[in-house]
Engineer: 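Once you've had a glance at the structure underneath, I'll fire off some questions.
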There are 2 protein chains.
Amino acid sequence: MTDLTRSLLDAAAALLAAHGSRGLRMVDVATRAGVSRQTVYNEFGNKETLVRAVALDKTDQFLAAVRDRLASAEDPLEGLHAAMVFVFTEAFRDPLTKSVFTGANAEDMLPLVTTRGHEILTASATVFASHLTTHWPDVPEDRRGLVAETAVRLAISHLLTPSGDAPAAVVAVTRALLA
Amino acid sequence: MTDLTRSLLDAAAALLAAHGSRGLRMVDVATRAGVSRQTVYNEFGNKETLVRAVALDKTDQFLAAVRDRLASAEDPLEGLHAAMVFVFTEAFRDPLTKSVFTGANAEDMLPLVTTRGHEILTASATVFASHLTTHWPDVPEDRRGLVAETAVRLAISHLLTPSGDAPAAVVAVTRALLA
DNA sequence: GTCTTTACAAAATCGAGCCTTGTGTAAAGC
DNA sequence: GCTTTACACAAGGCTCGATTTTGTAAAGAC
């Protein structure tokens, strides 16, 4: 990825978080990145593609960070905990990430969510299943997929409709998984 | 509940499912129920109250039916299965019920969903927790709440973003709970 | 007494026309 | 490879009546 692409994605992400996809203007993306509007078109073709690229980028960054947290500790349980803490703090901190994963603010963020719900779900579940494979041999192979999907579904559910604060959500998901 | 109230709720529910809350007209509710528009106002005061009453009614009907299924068999596992089958067939059959529980079609159904997510969650979890208490003594008391909430969250998650068809969702939720 | 009919004010919605803004494309220049 | 300028065109607002719908009120019918 070129520096230009990177700065355009960052600029677009910031504006997207502030004004929604409806209120996003290509001129503003260009100005914020210090380039001309035409350059944005050379790079992404059109607005829809740009918005989708931001969503893709956010997803990748977020899942990479989750993967890091999962692998951050020797003890797999500790890794799981670190990952869950990250998921909830980050999703509450960054409204754009939250929108991508939960479909919140469907009003402003429609293009981020449309039909990608299932895609996001399986991508996230794959990350988690891979962690189970390498760090959690107790989980039998034939249950790995289900456990991973359940973890992701529960996490997303707690993002969408929280029962309590972020730490409470971490506890709830973790305990549910360890049943 | 009077017969009048009942038929007004049914008429409103049908029209709501067909045209959304935005396209719902009080005259049509009246006509469909065979009464005058004024009678609708005498009964519900205004449109917003009527729509909320329909949502409340749908919730009650649905949870009562779930409760029946849970208690339908001697074997608690069989009851759980029957309830899950009902949840998924019914939610896919009746778009209005699905909207109430998942917030789908937020466009047309806004008043049904607004801020009621948590309320619906706890109401449903309570129904399930009560089933655990009476039919499933294996679950220790201090885990009952968590198990119930997890069951509901997973079910709603599968309604919102299905991995497969309805039977597959039933299997996924059931197996996740029995882990 | 409960529901209907009729009447009416206030608010929301709609459609047409117009103007402004933003998108997307193209070409010439640095 | 990026900028500047220019332009066609579609989308979004805005205004202004006309219409529809909401919500209230009163008088009458079963």
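In the text below, chain A, chain B and the rest are named by the order of the sequence lines, each starting its count at 1.
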Engineer: Separation of B/Leu24 atom CG from D/dT22 atom C1', in whole Å?
Structural biologist: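 Nearest whole value for this atom pair: 12 Å.
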
Engineer: Carefully, step by step, assess B/Leu96 and B/Val54 under the rule side-chain contact (heavy atoms from CB on, under 4.5 Å).
Structural biologist: CA-CA 9 Å; B/Leu96 211 54; B/Val54 171; 4.1 Å; yes

Engineer: State, yes or no, whether a side-chain contact exists between B/Glu90 and B/Gln61 at a heavy-atom distance under 4.5 Å.
Structural biologist: no

Engineer: Using atom CE of B/Met26 as one end and atom P of D/dT22 as the other, report the distance to the nearest whole Å.
Structural biologist: 7 Å

Engineer: Working note: A/Thr2 + A/Glu43, criterion side-chain contact (heavy atoms from CB on, under 4.5 Å); need CA distance, chi angles, decisive distance, verdict.
Structural biologist: CA-CA 10 Å; A/Thr2 69; A/Glu43 199 69 14; 4.1 Å; yes

Engineer: Just to be sure I understand the geometry, which residues of residues 2-15 of chain B put a non-hydrogen atom under 4.0 Å away from DNA chain D?
Structural biologist: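 Here the set is empty: none.
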
Engineer: Determine the contact category for A/Gly23: base if any of its heavy atoms lies under 4.0 Å from a base atom, sugar-phosphate if only primed atoms, P, OP1 or OP2 are that close, otherwise nothing.
Structural biologist: nothing

Engineer: Answer yes or no: is there a donor N or O on one side and an acceptor on the other, between the side chain of A/Ser157 and the main chain of A/Arg153, under 3.5 Å?
Structural biologist: no

Engineer: Dump every N/O contact between nucleotides 26-30 of chain D and the protein below 3.5 Å, one line per pair.
Structural biologist:
none

Engineer: Round to a whole Å and report the spacing from NZ of A/Lys47 to C1' of D/dG12.
Structural biologist: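 Whole-Å distance recorded here is 11 Å.
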
Engineer: Are B/Val87 and B/Phe101 close enough that some pair of their side-chain heavy atoms sits under 4.5 Å apart?
Structural biologist: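 A side-chain contact is absent here, since even the closest heavy-atom pair is not under 4.5 Å.
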
Engineer: Remember a base hit wins even if backbone is also touched, and classify A/Leu50 as base, sugar-phosphate or nothing at under 4.0 Å, heavy atoms.
Structural biologist: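 The residue A/Leu50 makes no contact with any strand.
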
Engineer: What class does the angle between the rings of B/His131 and B/Phe128 fall in, given that below 30° is parallel, 30 to 60° is tilted and above 60° is perpendicular?
Structural biologist: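 Plane angle between 30° and 60°, so tilted.
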
Engineer: For a side-chain contact (heavy atoms from CB on, under 4.5 Å) check, start with the C-alpha distance between A/Thr174 and A/Val171, then their side-chain angles and the critical distance, and finish with the verdict.
Structural biologist: CA-CA 5 Å; A/Thr174 310; A/Val171 173; 5.9 Å; no

Engineer: Between A/Ser130 and A/Thr133, is a side chain to side chain donor-acceptor pair (under 3.5 Å) present by the stated rule, with each step listed?
Structural biologist: CA-CA 5 Å; A/Ser130 143; A/Thr133 305; 5.9 Å; no

Engineer: Side chain of A/Lys47, backbone of A/Leu24: donor and acceptor closer than 3.5 Å?
Structural biologist: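 Between the backbone of A/Leu24 and the side chain of A/Lys47 there is a qualifying donor-acceptor contact (under 3.5 Å).
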
Engineer: Would you confirm whether B/His158, through its side chain, and B/Leu154, through its main-chain N or O, come within 3.5 Å as a donor-acceptor pair?
Structural biologist: yes

Engineer: Within this structure, what is the CD-to-P distance between A/Glu48 and D/dA11, rounded to whole angstrom?
Structural biologist: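 Those two atoms, CD and P, are 13 Å apart.
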
Engineer: Between which nucleotides of DNA chain C, read 5' to 3', does contact with chain B run, using atoms under 4.0 Å from its heavy atoms?
Structural biologist: C/dC3 to C/dC14

Engineer: Measure CZ/A/Arg25 against C1'/D/dG12 and give the value in whole Å, please.
Structural biologist: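 Taking CZ of A/Arg25 and C1' of D/dG12, I get 13 Å after rounding.
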
Engineer: Got a salt bridge between B/Asp10 and B/Arg32, using NZ or NE/NH1/NH2 to carboxylate O under 4.0 Å?
Structural biologist: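 Not counted as a salt bridge, because no side-chain N and carboxylate O are separated by less than 4.0 Å.
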
Engineer: Starting from the 5' end of DNA chain C, give me the residue, B/Arg37 or B/Gly34, whose nearest nucleotide shows up first.
Structural biologist: B/Gly34

Engineer: Between atom CG in A/Asn46 and atom C1' in D/dA10, what is the gap in whole Å?
Structural biologist: 14 Å

Engineer: What is the distance from CG of B/Asp28 to P of D/dT21, rounded to the nearest Å?
Structural biologist: 8 Å

